[in-house]
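These notes are about the structure you will find just below.
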Amino acid sequence: MKMELKTIRIQRVVEQQNLASVMKSGSLDVLATPQMIAWMEEAACLCLDLDQGKTSVGISMNVSHDMASPLGATITIEAKMVNVDGRKIDYEVQAFQDGKSIGKGVHSRFVVDAQKFMDKTYKK
């Protein structure tokens, strides 16, 4: 599988459902770490241009959440493909608010056949 290394940036606004207090990952009305991570995964997925029937699954995520973001903040999320090894893709991921890094780390995904993956998952 030959893949072009890409970088994708997306923007998201912190809404009520994205808060730690709502997602139960904390008690404060700030951007929840699981939401930041989900946005990083979303950006990583957008880097991929896969053949029909193929998809990717997250296999690891190692990030720090370094700064709190309030309700209404605009967050820019960047995923940069840094390595492709067969079906495994590695990324550097980062989130910014007002040009300042609020979180960063590394993420890996694995390309799979969507139907085979679902069949195997639900055959258990």
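When reading the values below, keep in mind they use all heavy atoms of this one structure, side chains included, and skip hydrogens, waters and symmetry mates. We're numbering straight along the sequence, starting at 1.
Between the CZ atom in R109 and the CG atom in D90 there is a gap of 12.0 Å [rounded to 0.5 Å]. Distance check: I77 CD1 to L46 CG gives 10.5 Å after rounding to the nearest 0.5 Å. C47 SG to E4 CD: the interatomic distance, rounded to the nearest 0.5 Å, is 10.0 Å. From N83, atom CG reaches atom OH of Y91 across 11.5 Å, with rounding to the nearest 0.5 Å. The structure places NZ of K116 at 11.5 Å from NZ of K123, a figure rounded to the nearest 0.5 Å. Atom CD1 of I89 and atom SG of C45 lie 9.5 Å apart (nearest 0.5 Å).
Looking only at side-chain heavy atoms (C-beta outward), V84 and L5 come within less than 4.5 Å of each other. Side chains of M36 and V63 form a contact here, defined as non-hydrogen atoms less than 4.5 Å apart. Between R12 and Q35 there is no side-chain heavy-atom pair separated by less than 4.5 Å. Using a 4.5 Å cut-off on side-chain heavy atoms (C-beta onward), M81 and L48 make contact. The closest side-chain heavy-atom distance from L71 to D29 is not below 4.5 Å. A heavy-atom distance below 4.5 Å is found between the side chains of W39 and I75. Side-chain contact between H107 and I37 is absent, with no heavy-atom pair separated by less than 4.5 Å. Using a 4.5 Å heavy-atom cutoff, the side chains of L19 and V14 are in contact.
Smallest separation of non-hydrogen atoms from Q94 and S101: NE2-OG, 3.0 Å. Closest approach of P34 and S25 over heavy atoms only: CD-OG, 3.5 Å. Considering all non-hydrogen atoms of both residues, Q97 and S69 come closest at OE1-OG, 2.6 Å.
Contact check on K104 versus E92 returns no salt bridge, with no Lys/Arg side-chain nitrogen under 4.0 Å from an Asp/Glu carboxylate oxygen.
By the criterion of side-chain heavy atoms lying less than 4.5 angstrom apart, applied directly or through intervening Ile, Leu, Val, Met, Phe, Trp or Tyr residues, I102 is grouped together with I8 in one hydrophobic cluster. Linking ILVMFWY residues whenever their side-chain heavy atoms come closer than 4.5 Å, directly or via other members, leaves L28 and V22 in distinct clusters. I10 and F96 fall into different hydrophobic clusters, defined by Ile, Leu, Val, Met, Phe, Trp and Tyr side-chain heavy atoms under 4.5 Å apart, directly or through other members. M40 is not connected to V82 by any chain of hydrophobic side-chain contacts under 4.5 Å among Ile, Leu, Val, Met, Phe, Trp and Tyr, and they are in different clusters. Residues V112 and Y122 share a single hydrophobic cluster, defined by chaining ILVMFWY side chains whose heavy atoms lie under 4.5 Å apart.
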Legend entry - From CA spacing to verdict: side-chain contact (heavy atoms from CB on, under 4.5 Å), I59, K88: CA-CA 9 Å; I59 60 171; K88 183 178 179 241; 4.0 Å; yes

Inset, instruction - Check the pair D113 / K54 against side-chain contact (heavy atoms from CB on, under 4.5 Å), numbers first and verdict last. - result: CA-CA 5 Å; D113 179 283; K54 301 292 184 189; 3.9 Å; yes

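Under the 3.5 Å distance criterion, with hydrogens and angles disregarded, no donor-acceptor pair is assigned to the side chains of T74 and Q11.
Counting only distance, with no hydrogens or angles, the side chain of R87 and the backbone of V111 share a donor-acceptor pair below 3.5 Å.
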